[in-house]
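Right, one structure below, let's go through it.
Bear in mind that the values here come from a model prediction, so they are computed numbers and not experimental data.
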Amino acid sequence: MLFHVAYLCPKTSPLFPLFSKNSKSLFLCCKSFSYLHHYHYLVKNNAKSQHRRPLSITQMTTRLSTSASLLQNPTNSVPKKSKKKAQYEAPESVLRHKLDQCSKHGDFSEAIRLYNEARASNIQLNVHHYNVLLYLCSPNNDGSGQDVDNFVGLEKGFEIFKQMRLDKVIPNEATFTNASRLAAAKKDPEMAFELVKEMKNHGIIPKLRSYGPALFEFCEKAMADKAYEVDTHMVDNKVSAEEPELSALLRVSSGVKREEKVYEMIHRLRATVRQVSEETASIVEDWFRSDRAAEVGMENWNVEEVKEGIVKGGGGWHGQGWLGKGKWRVMRTQMYETGVCQLCREKLVCIDIDPMETQNFANSLAKLASEREAKAGFWQFQEWIRHHGPFDAVVDGANVGLINQHNFSFSQLKHVMYHLRKLSPSGKLPLVILHKGRVTGGPAQHPNNKKLLESWKKAGALYVTPPGSNDDWYWLYAAVSSKCLLVTNDEMRDHLFQLLGNSFFPRWKEKHQVRLTPSSDGLQFRMPPPYSIVIQESEQGSWHIPTVTGDDLETPRQWICATRIKDLKLN
């Protein structure tokens with residue numbers, strides 16, 4: 001049943017509720033025309049509920065009257081906008097916003113003024129308020145605009161932390177980390193470490209940043225055993241040290257002449273970062289030049305055990321300890337294309353990649369791609385690869401066609417494709433991945449390019465990705481699953497590749513990525529090196545450590561070469 005609702009102004013309100021001669025018309029009085037939308041909705045919904053017993057006129061009038069009353073006098077309801085506005089304007093919210101601004105600009109003095117003002121006004125501070133205040137009290141934090149000396153900040157920080165405990169505000173990881181920074185700044189790494197250990201009592205799992213204050217301060221004070229204790233605590237809590245932490249442990253180990261720990265840290269750097277920063281490189285060089293490094297090592301070692309260790313480790317290291325004795329010659333050098341050191345003439349090795357690792361990586365890559373692409377589309381691609389593959393090389397078509405070009409160049413892509421076929425053991429064309437837009441519009445409409453694309457398609461050497469897809473998932477999966485070369489100048493450092501979060505990925509890139517360099521003769525192929533760019537320990541005890549210095553197309557990478565002087569093969 002559908003009623004027609006008419007509007008009566010307040011002057012005619014005595015007529016409410018009255019009905020016209022037409023029983024389907026209902027006259028209501030309301031102060032705002034917008035309320036009629038609400039009445040109409042109720043009446044209309046009643047008309048739609050044909051399967052239910054229809055409401056009587058009296059019931060309908062009662063419901064509409066109640067709705068009008070609530071809308072005109074909302075004593076029992078608060079609009080959402082008003083609630084949000086009230087929350088936003090609450091003293092706690094205003095304080096939070098102002099403290100966040102202080103944190104952004106490093107304004108310690110204003111933050112403390114706000115804190116004192118809030119205490120005087122009995123404003124209840126929460127964990128976020130306290131964390132911002134503790135952060136600003138720590139010296140040398142990221143908000144470097146602080147206008148206070150360290151002593152004042154530290155004293156105030158401990159006072160605020162004590163007050164937080166008195167207020168019984170439940171701390172979180174950031175609370176303990178900030179308090180630990182205060183303790184370390186006070187030159188009290190013991191307190192900093194105790195605060196980290198206290199996290200367990202609150203059910204909080206420490207992060208890498210939680211350990212930094214205690215670890216770095218112990219290392220700075222040359223308290224090596226305590227630094228190792230922090231390191232052990234990290235391992236027990238499954239927190240992996242990165243280069244800054246390993247570099248600090250390496251420095252303190254070298255300083256206190258703990259050669260076994262120096263050996264351990266270099267190997268952990270090998271497994272973690274592969275190439276070292278300039279700061280770490282200097283620490284490594286200082287160790288090898290030290291008198292202690294010349295004294296330690298085995299003059300007679302079990303050759304078979306060393307060889308067995310190299311095979312077991314996949315090549316490039318044996319882990320049997322320092323080999324040989326005597327002074328080291330430590331210099332920066334480069335590698336020939338064959339992987340031979342230009343200084344000591346020792347050849348680096350190519351470290352094996354476990355086939356099972358490759359398969360696991362391909363599976364995880366497919367899973368991620370399926371979650372982010374249209375599942376049916378990517379599954380179809382996987383089936384296509386199984387039917388047409390494997391390939392000897394995969395080409396990132398969009399990247400190659402635009403190298404050193406303003407517009408997409410099919411002739412440049414063609415040159416790369418046919419050069420790769422010459423290099424292929426099977427003589428097959430590589431697989432080129434192109435988005436649908438590349439094969440339907442623009443240069444693709446040229447008759448020669450149409451003919452070229454058709455020939456690649458017939459040869460099973462072209463896959464066209466669907467609209468809205470991301471080409472990167474396709475060419476990377478094709479190359480990993482085929483265990484073949486990947487031709488692209490994309491360094492694969494953006495967010496998509498960070499999702500992979502796997503230490504396997506940089507090792508795979510190193511062995512499989514082919515880069516292209518523009519020259520007067522066209523594109524030159526820069527093939528993967530025949531050796532692994534990672535810290536290597538030789539069968540004779542020499543060390544080669546790659547740095548991050550260089551590594552572009554013009555400047556070769558610098559390596560640290562450390563070899564016992566008596567073992568040098570002098571020309």
Side-chain angles (χ1 to χ4, degrees), residues 240 274 352-403 408 413 416-417 420 424 426 428-442 444 453 456-516 528:
S240 300
R274 299 170 65 78
D352 297 334
I353 292 180
D354 186 344
M356 186 58 70
E357 278 191 282
T358 302
Q359 186 57 52
N360 291 339
F361 184 67
N363 294 340
S364 64
L365 181 60
K367 183 175 182 294
L368 273 170
S370 296
E371 290 171 357
R372 285 159 177 77
E373 295 287 313
K375 284 189 177 181
F378 198 79
W379 286 343
Q380 184 180 3
F381 173 64
Q382 289 177 272
E383 286 300 319
W384 189 92
I385 289 289
R386 278 190 277 271
H387 179 71
H388 290 85
F391 298 91
D392 294 324
V394 173
V395 179
D396 174 6
N399 182 277
V400 171
L402 288 169
I403 293 174
F408 190 86
L413 181 57
V416 170
M417 292 283 286
L420 287 169
S424 169
S426 65
K428 285 177 59 177
L429 277 168
L431 169 65
V432 60
I433 304 289
L434 283 170
H435 192 271
K436 188 173 183 179
R438 293 286 182 195
V439 300
T440 56
L453 288 168
W456 289 347
K457 188 175 181 180
K458 286 182 179 179
L462 169 66
Y463 190 87
V464 180
T465 60
S469 62
N470 188 330
D471 295 2
D472 297 359
W473 290 117
Y474 291 79
W475 49 253
L476 181 57
Y477 176 79
V480 173
S481 60
S482 292
K483 303 178 180 65
C484 68
L485 296 174
L486 171 63
V487 184
T488 181
N489 277 7
D490 190 327
E491 289 303 324
M492 294 172 268
R493 291 173 179 152
D494 62 18
H495 175 66
L496 182 153
F497 301 104
Q498 297 304 316
L499 291 172
L500 299 173
N502 194 315
S503 62
F504 173 85
F505 189 39
R507 288 187 285 136
W508 184 88
K509 280 200 304 176
E510 177 185 288
K511 292 178 71 69
H512 293 270
Q513 185 176 6
V514 178
R515 296 175 177 84
L516 300 168

Would you sort out whether L413 and W456 count as a side chain to side chain contact (heavy atoms under 4.5 Å, CB included), showing the intermediate values? CA-CA 12 Å; L413 181 57; W456 289 347; 3.8 Å; yes

By ring pair (Phe, Tyr, Trp, His ring centres under 6.0 Å) - contacts of H435 (at least two apart): none

Spacing of NZ belonging to K511 relative to NZ belonging to K509, to within rounding of 0.5 Å: 15.0 Å

Tell me whether the centres of the aromatic rings in F361 and W508 are closer together than 6.0 Å. no

If the condition is side chain to side chain donor-acceptor pair (under 3.5 Å), which residues does K458 pass it with, not counting sequence neighbours? none

Mind checking side chain to side chain donor-acceptor pair (under 3.5 Å) for N360 and listing every partner two or more places apart, or none if nothing turns up? none

Donor-acceptor contact present, side-chain K436 to main-chain G468, <3.5 Å: no

Without swapping roles, check the side chain of Q513 against the backbone of D490 for a donor-acceptor pair under 3.5 Å. yes

I'd like to check the side-chain contact (heavy atoms from CB on, under 4.5 Å) partners of T358; sequence neighbours left out, ordered by chain and number. I353, V480, K483, F504

Closest approach of L434 to F408 (non-hydrogen atoms, all atoms of both residues): CD2-CZ, 3.9 Å

Salt bridge (charged side-chain N to carboxylate O under 4.0 Å, His left out) pairs, two or more places apart, involving residues 379-388: E383-R386

Closest contact, heavy atoms only, P466 versus Y474: CD-OH, 3.8 Å

What residues form a side-chain contact (heavy atoms from CB on, under 4.5 Å) with P506, not counting sequence neighbours? none

Nearest-0.5 Å distance that lies between atom OG in S469 and atom CZ in F381: 10.0 Å

With heavy-atom distances below 4.5 Å as the criterion, would you say the side chains of L476 and F505 are in contact? yes

Starting at OH of Y477, measure out to CG of L365 and round the result to the nearest 0.5 Å. 8.0 Å

Within the distance-only criterion (no hydrogens, no angle test), does the side chain of S424 pair as donor or acceptor with the backbone N or O of L420 below 3.5 angstrom? no

Side chain to side chain donor-acceptor pair (under 3.5 Å) with W384: which of Q380, Q382, H388? H388

Minimum heavy-atom distance A459-L429, with the two atoms named: CB-CD1, 4.2 Å

Which residues pass the side chain to side chain donor-acceptor pair (under 3.5 Å) test with R507, not counting sequence neighbours? E357

Check P390 against S482 and note the closest heavy-atom contact, atom names and distance. CA-OG, 3.7 Å

Gap separating the OG1 atom of T488 from the CG atom of D472, nearest 0.5 angstrom: 8.0 Å

Which atom of N489 lies closest to which atom of R515, heavy atoms considered: OD1-CA, 3.3 Å

Could you work out, with side-chain contact (heavy atoms from CB on, under 4.5 Å) as the rule, every residue matching V514, not counting sequence neighbours? L485, V487, F525, M527, P528

For P430 and F391, work out which heavy atoms get closest and say how close. C-CD2, 4.4 Å

I want to check something: taking the side chain as every heavy atom from C-beta on, are I385 and L431 in contact at a cut-off of under 4.5 Å? yes

Less than 4.5 Å apart, any side-chain heavy atom of V432 and any of R438? no

Test of understanding: with side-chain contact (heavy atoms from CB on, under 4.5 Å), list the residues that count as partners of A369, not counting sequence neighbours. F378, W473

Going from CG on N399 to CD1 on I433, what distance comes out if it is rounded to the nearest 0.5 angstrom? 13.5 Å

With sequence neighbours excluded, what pairs up with D471 under the side chain to side chain donor-acceptor pair (under 3.5 Å) test? T465

